[in-house]
S.K.: 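If you scroll down you'll find the structure; I have some questions about it.
We number each residue from 1, following the sequence as shown.
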Amino acid sequence: MDTSIHNMQGLFQQLGLPSEPQQIEQFIRQHRCETGLDPLEGAPFWSPSQAHFIQEALYQDSDWTEVVDELNCRLHQ
């Protein structure tokens with residue numbers, strides 16, 4: 001059983017994105033206005049595989065759900 005704790009840095013690594021704290025903050029600032037009211041996985045800046053991962057995390061209530069929800073909130077602030 002996977003007992004690792006998932007965090008924002010791990011999520012960005014999983015998505016194949018730069019994952020240093022300042023890079024994460026830059027990503028959020030850059031893409032905040034692009035999310036609109038659409039679901040997170042529908043944002044135009046995701047690759048198909050990234051969107052699929054996010055969708056699966058949310059709809060299957062996976063171990064990543066909490067971190068994906070946090071990212072969603074931060075992008076929609």
S.K.: Within this structure, what is the OH-CD1 distance for the pair Tyr59 and Ile54, rounded to the nearest 0.5 Å?
M.R.: 11.0 Å

S.K.: Which heavy atom of Gln77 sits nearest a heavy atom of Arg32, and at what distance?
M.R.: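 Nearest heavy atoms, Gln77 then Arg32: O-CD, 3.2 Å.
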
S.K.: For residues Gln30 and Phe45, determine if any side-chain heavy atom of one lies less than 4.5 Å from a side-chain heavy atom of the other.
M.R.: no

S.K.: To the nearest 0.5 Å, tell me how far His76 NE2 sits from Leu71 CG.
M.R.: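 Here the rounded value is 9.5 Å.
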
S.K.: Looking at Leu40 and Trp46, what are the two nearest heavy atoms and their distance?
M.R.: O-NE1, 2.9 Å

S.K.: Looking only at heavy atoms, which two atoms of Leu15 and Phe53 are closest? And how far apart?
M.R.: CD2-CD2, 3.7 Å

S.K.: Determine the minimum heavy-atom distance between Val67 and His6, stating which atoms define it.
M.R.: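 For Val67 and His6, the tightest heavy-atom pair comes out as CG2-O, 3.1 Å.
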
S.K.: Nearest 0.5 Å, what's the CG-CD distance between Leu75 and Glu70?
M.R.: 10.5 Å

S.K.: Just how far is it from atom CD of Gln26 to atom NE2 of His31, taken to the nearest 0.5 Å?
M.R.: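 So the CD of Gln26 and the NE2 of His31 are separated by 8.5 Å.
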
S.K.: Closest heavy-atom contact between Phe12 and Pro18?
M.R.: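 Minimum heavy-atom contact is CD2-O, 3.5 Å.
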
S.K.: State the CD-OG1 distance between Glu56 and Thr65, to the nearest 0.5 angstrom.
M.R.: 10.5 Å

S.K.: Nearest heavy-atom pair of Ile24 and Gln9: which atoms, and what distance?
M.R.: CD1-CA, 3.8 Å

S.K.: Can you tell me how far CD of Gln14 sits from CD of Gln50, rounded to the nearest 0.5 angstrom?
M.R.: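 Output value for this atom pair is 10.5 Å.
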
